[in-house]
Amino acid sequence: MSGKSLLLKVILLGDGGVGKSSLMNRYVTNKFDSQAFHTIGVEFLNRDLEVDGRLVTLQIWDTAGQERFKSLRTPFYRGADCCLLTFSVDDRQSFENLASWRKEFIFYADVKEPDRFPFVVLGNKLDKSERVVSTIEAQTWCNENGGFPYLETSAKDDTNVNCAFEEAVRQALAVEEQVEHSILGRTVDLHSNNSTSSSCC
Ligand SMILES: Nc1nc2c(ncn2[C@@H]2O[C@H](COP(=O)(O)OP(=O)(O)OP(=O)(O)O)[C@@H](O)[C@H]2O)c(=O)[nH]1
Ligand SMILES: [Mg+2]
């Protein structure tokens with residue numbers, strides 16, 4: 001296990017009221033507030049964890065989902081390592097808005113290769129009996145829109161909350177490793193080019 005902790009920024013996006021703050025608070029403080037207030041702008045909390053032998057400091061950025069706070073949240077998208085697109089399984093509109101949340105993120109985070117950026121989709125409020133978005137429907141959307149991992153959570157019952165953030169870390173680490181490999185690959189290539197071109201010098 002590496003002793004050095006890696007800082008990863010994960011951002012929660014989705015319609016107002018889907019449970020973004022509740023997921024963050026459940027994960028970091030293990031508390032749930034049934035009377036939670038809407039977020040204004042952004043808030044963040046850190047939690048240290050170990051995933052597949054790597055020490056990580058997860059910096060979770062929780063954003064305000066209401067449209068009127070758009071200009072307050074978008075400046076904080078840059079530098080995110082993973083984006084959690086969140087909807088509520090009892091709110092069809094929040095599910096239908098996932099595509100525009102993804103688009104907003106890609107634009108304001110200035111993501112250079114959107115198809116390679118790690119998104120994870122969360123269907124929250126799994127505990128609710130008035131479900132209107134089925135698992136298969138959500139899973140199909142994820143498969144057809146980029147092959148995103150999909151998890152169903154309940155911040156209230158603490159279902160899959162740890163798994164959701166760990167999946168975000170795994171996705172972010174996978175991208176980090178790809179970058180590390182490509183840098184290493186380029187170093188090796190440069191070296192081999194030098195040796196083949198040595199006859200020119
Ligand atoms: N039943 C149930 N209620 C939840 C769950 N998660 C959040 N809630 C409730 O849903 C409401 C909205 O939750 P928030 O966490 O404030 O939602 P948000 O996505 O942060 O909303 P904005 O800050 O406006 O973007 C609150 O009353 C929460 O108690 C859940 O998993 N199950
Ligand atoms: Mg909130």
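Heavy-atom basis, side chains included; hydrogens, waters and symmetry copies ignored. In each ligand, atom 1 is the first atom listed, and ligand 1 is the first ligand listed.
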Between Ile11 and Phe76, what is the shortest heavy-atom contact and its length? CD1-O, 3.7 Å
State whether Arg131 and Glu152 are salt-bridged, where the test is any N-O pair (Lys NZ or Arg NE/NH1/NH2 against Asp/Glu carboxylate O) under 4.0 Å.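 A salt bridge is present here (some side-chain N lies under 4.0 Å from a carboxylate O).
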May I ask you to decide whether Asp110 forms a salt bridge with Lys112, counting only side-chain N to carboxylate O separations under 4.0 Å?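 Looking at Lys112 together with Asp110, the answer is yes, because their closest N to O distance falls below 4.0 Å.
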Applying a heavy-atom distance cut-off of 4.0 Å, which protein residues contact ligand 1?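 Around ligand 1, where the cutoff is 4.0 Å for heavy atoms, the contacting residues are Asp15, Gly16, Gly17, Val18, Gly19, Lys20, Ser21, Ser22, Phe32, Asp33, Ser34, Ala36, Phe37, His38, Thr39, Thr63, Ala64, Gly65, Asn124, Lys125, Asp127, Lys128, Ser154, Ala155, Lys156.
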Is a donor from one side chain sitting under 3.5 angstrom from an acceptor on the other, for [X] and [Y]?
{"X": "Asn124", "Y": "Thr86", "result": "no"}
{"X": "Gln93", "Y": "Asn97", "result": "yes"}
{"X": "Ser94", "Y": "Ser88", "result": "no"}

Could you confirm whether Ser22 has any N/O/S atom lying under 2.8 Å from the Mg ion (ligand 2)?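 Within the cut-off used here (under 2.8 Å), Ser22 places no N, O or S atom near the Mg ion (ligand 2).
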So, is Ser21 placed with an N/O/S atom under 2.8 Å from the Mg ion (ligand 2), counting both backbone and side chain? yes
The single option from Leu84, Leu49, Val28 passing side-chain contact (heavy atoms from CB on, under 4.5 Å) against Phe165: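 Exactly one pass, corresponding to Leu84.
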